[in-house]
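First comes the structure, then the notes that go with it.
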Amino acid sequence: MILEAIYHEAYGAYAFPLNRNQLKVRLRAKKGDIIRAEVVHGDRYTPYEAGKDTITVMEKVGSTDLFDYYEAVLHSQTRRLRYLFHLTDGNQGIWYGERGFSDSPFSCQPFQFAYITEQDLFQVPDWVDDGIVYQIFPERFANGNPQNDPEGVLPWGGEPRWDNFFGGDIEGITQNLEYLADLGVTVIYLTPIFQSPSNHKYNTTDYYKIDPHFGDVEDVKRMVAKAHQLGIKVIFDAVFNHCGYDFFAFQDVIKNGKKSKYWDWFFIEDEPVVTKPRPNYETFANDVWSMPKLNTKHPEVKKYLLDVARYWLEETDMDGWRLDVSNEVDSWFWRDFRRVVKETKPDALIIGEVWHNAHPWLQGDQYDSVMNYLFRDAMVDFFAKGTIGVERFHTLLLKSQLAYNDHANRGMFNLIDSHDTERFLTTCKEQVERMRLAVLFQMCYPGMPMIYYGDEIGMVGKNDPDCRRTFIWDPHQQNQDLLNWYKKCIQLRKSLPSLRKGNYRTWYINPTGNVYGIIRGSDTEQPVGVLINNSPFTHMITLPAAWKKGHELVDQIEGQRWAIKDQTVEIILKPYQGLVLV
Ligand code: CA
């Protein structure tokens with residue numbers, strides 16, 4: 001047994017309560033090394049006694065390139081746990097505890113999960129399980145009211161530049177909610193809608209005012225109310241890392257220098273405030289003068305922004321916040337933010353913007369989940385660019401799942417592109433068959449699939465600002481095949497609970513054929529097999545039929561039936577074909 005590879009810790013993604021009486025634990029070991037892993041556990045005030053402790057056998061839930069991962073759910077009536085792992089390979093059994101390995105449980109210090117406290121339970125709104133998210137860039141989605149268009153507005157369909165406008169607004173969203181409901185969308189996430197001079201509105205002038213080019217608060221209320229009638233939740237964008245240059249407090253600082261009562265709201269080197277040759281104050285990213293960074297540690301700044309967070313929830317009855325550049329704002333701010341949001345609306349959702357491993361923010365005290373760029377990166381490299389094979393793809397996905405607890409994984413915004421990236425179809429070099437396969441997989445993956453507006457009708461675009469083109473509303477200009485494919489995949493997800501709530505287990509990995517198979521299922525739900533042929537070749541594959549009942553597998557997309565013989569099934573996969581098998 002390779003002891004160096006074995007790892008557990010009694011917190012984070014390795015040990016987290018599912019509810020008052022259940023603790024999920026994970027264990028890592030060298031790939032292929034262990035044949036059996038058990039958790040031996042009891043109340044932490046009762047010492048270990050052979051035969052008295054509970055033994056829970058761990059399930060091997062997956063393997064990455066280097067490691068096997070095991071999971072178990074430990075039940076505890078007292079909510080106070082101590083536990084040891086007993087691990088077996090071909091030759092030996094060994095005990096593993098907090099201070100290392102031992103031949104005997106009596107000389108092995110157990111791991112402790114001292115108490116499952118009610119307050120620390122991570123609660124994500126239940127509605128995320130059925131979520132299909134649609135991201136809208138309001139300036140470019142639909143122009144529902146030409147009366148509010150900015151001066152110099154350009155005809156719909158023009159080339160997006162960093163500073164031009166096409167007149168999209170809130171009314172445009174309201175008018176097209178039926179379209180979104182018909183697509184199967186249950187959540188819309190809007191990039192910022194508060195007053196701001198830019199088309200993207202990430203440099204806020206007034207956090208309490210809807211941008212007049214988008215409409216007013218009554219328009220927003222109407223939009224949210226209609227969305228709710230159609231079963232659609234609405235998420236706003238909270239840009240709290242920085243404000244806009246025109247924000248009243250920053251303007252006061254420019255005017256009054258250090259005498260301004262807002263001086264400490266920002267990080268300014270000295271007076272006077274200058275923007276050239278470089279801004280002498282902290283900004284978003286590198287020297288973006290139009291976005292001064294806010295000092296969220298300052299009690300007045302904090303109060304101001306938390307009031308904003310509460311105000312829009314109460315005023316419009318919207319359903320949560322997506323947090324811009326959330327990883328650069330202090331964690332104490334987010335802890336208070338979470339308290340305010342959940343007190344105001346207990347089933348509101350909080351989604352951070354983090355492009356890397358977001359584990360520190362996903363412990364239940366800050367965000368519910370994040371925009372899943374780890375997923376997006378893997379999807380782009382595997383499906384769109386073809387720069388990684390199926391083994392690497394699988395490893396990346398599994399690592400991202402295991403980096404987080406189950407609660408955070410439920411609420412992921414699983415995107416394949418966004419307003420900050422090239423469009424997926426463009427990355428695919430417009431090979432629609434690659435995109436179709438990726439979308440099917442996206443709809444079969446744990447967490448909430450997120451569709452960037454227009455992807456479903458085949459919109460293309462390079463990086464920002466080109467990825468922010470105006471939506472194509474003329475049906476003859478839309479890729480109707482792709483739109484129908486989206487609808488079909490979404491309906492599959494809705495009709496098969498396992499695709500939404502089931503476990504994620506590896507079924508089949510074929511590196512030479514680039515074929516990937518997973519099984520989504522649980523103790524209570526019927527398992528669903530998903531097979532992906534990410535190659536231009538036809539493959540005939542034989543794979544184990546994990547289903548105990550039934551004699552055939554039926555593809556839910558084309559209806560083809562495959563007979564199970566001797567617990568295996570032979571399946572023919574066409575180029576870039578995906579199957580969803582029940
Ligand atoms: Ca308009």
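Read the numbers this way: they start at 1 and go in the same order the structure lists the ligands and their atoms.
- A salt bridge between K221 and E218 is present, with a side-chain N of the basic residue lying under 4.0 Å from a carboxylate O of the acidic one.
- For the pair OD1 of D149 and O of N145, the angle at the Ca ion (ligand 1) is about 90°; rounding is to 10 degrees.
- Going from atom CE of M448 over to atom OG1 of T186 covers 7.5 Å, rounded to the nearest 0.5 Å.
- Looking only at N/O/S atoms, D169 comes nearest to the Ca ion (ligand 1) through OD2.
- V370 has its side chain out of reach of W361: every pair of non-hydrogen atoms, C-beta onward, lies at least 4.5 Å apart.
- The Ca ion (ligand 1) has no N, O or S atom of P146 inside 3.0 Å of it.
- For a distance bound of 3.0 Å, the N, O or S atoms of Q147 include none lying that close to the Ca ion (ligand 1).
- Figure legend: cation-pi geometry between R423 and Y453, with NZ or CZ positioned under 6.0 Å from the six-membered ring centre and within 45° of its axis.
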